[in-house]
Amino acid sequence: MAETVVGIYPSRAEAERASAQLEQAGISPHRVQVVSETTGVTSSRAAGALANLPPADVQRYTDALQRGQALLLAQTDGNEADRIRGILM
């Protein structure tokens, strides 16, 4: 089952570093997106990923973006979700 793992970071630079860690661990960069104020949630991929989450989560992530934080969205088949969370911690 597909799952989106979302991380909230204080800055886009920190989210980009986390994205690089995922890539070093073998996660395809095509499955990872960093979203910040500069990209907003208007990108179709980010909007689509957020649309599949519970409304309370979407509000939390939208609030984080409005506060100037960045999001990392990692698409997974579900089997890798725990592994991705472990890398991001």
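These figures come from a predicted structure and were not determined experimentally.
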Trainee: D63: which residues meet the side chain to side chain donor-acceptor pair (under 3.5 Å) condition with it, sequence neighbours left out?
Mentor: Q59
Trainee: Which heavy-atom pair separates S36 from L65 by the least distance, and what is that distance?
Mentor: CA-CD2, 3.7 Å
Trainee: Where do E3 and T76 land on the side-chain hydrogen bond (donor to acceptor under 3.5 Å, both in side chains) test, with the steps shown first?
Mentor: CA-CA 5 Å; E3 184 176 345; T76 176; over 6 Å; no
Trainee: How close do R83 and G26 get, counting heavy atoms only, and between which atoms?
Mentor: NH2-N, 4.5 Å
Trainee: Could you walk me through whether L53 and Y61 pass the side chain to side chain contact (heavy atoms under 4.5 Å, CB included) check?
Mentor: CA-CA 10 Å; L53 299 173; Y61 300 137; 3.6 Å; yes
Trainee: Taking C-beta and beyond as the side chain, do L71 and V34 meet within less than 4.5 Å on heavy atoms?
Mentor: no
Trainee: Assess the residue pair I27 and E80 against the criterion (side chain to side chain contact (heavy atoms under 4.5 Å, CB included)); give the C-alpha distance rounded to whole Å, side-chain angles, the decisive distance to 0.1 Å, and a yes or no.
Mentor: CA-CA 9 Å; I27 305 299; E80 290 182 305; 3.7 Å; yes
Trainee: State whether the side chain of T62 and the backbone N or O of V58 hold a donor-acceptor pair below 3.5 Å, judged by distance alone.
Mentor: yes
Trainee: Would you please name every residue forming a salt bridge (charged side-chain N to carboxylate O under 4.0 Å, His left out) with R60, sequence neighbours left out?
Mentor: none
Trainee: May I ask you to test the V35-Q33 pair for a side-chain heavy-atom distance under 4.5 Å?
Mentor: yes
Trainee: Provide the closest heavy-atom pair for E14 versus R17 in the form atom of the first, atom of the second, distance.
Mentor: CG-NH2, 3.0 Å
Trainee: Might you work through the side chain to side chain contact (heavy atoms under 4.5 Å, CB included) test for D57 and V6, ending with a clear yes or no?
Mentor: CA-CA 10 Å; D57 289 346; V6 183; over 6 Å; no
Trainee: List the steps, then state whether side chain to side chain contact (heavy atoms under 4.5 Å, CB included) holds for L72 with L88.
Mentor: CA-CA 10 Å; L72 180 144; L88 297 177; 4.0 Å; yes
Trainee: With rounding to the nearest 0.5 angstrom, report the CD to OG1 distance, Q75 to T4.
Mentor: 3.5 Å
Trainee: Is the closest basic N to carboxylate O distance between E23 and R31 below 4.0 Å?
Mentor: no
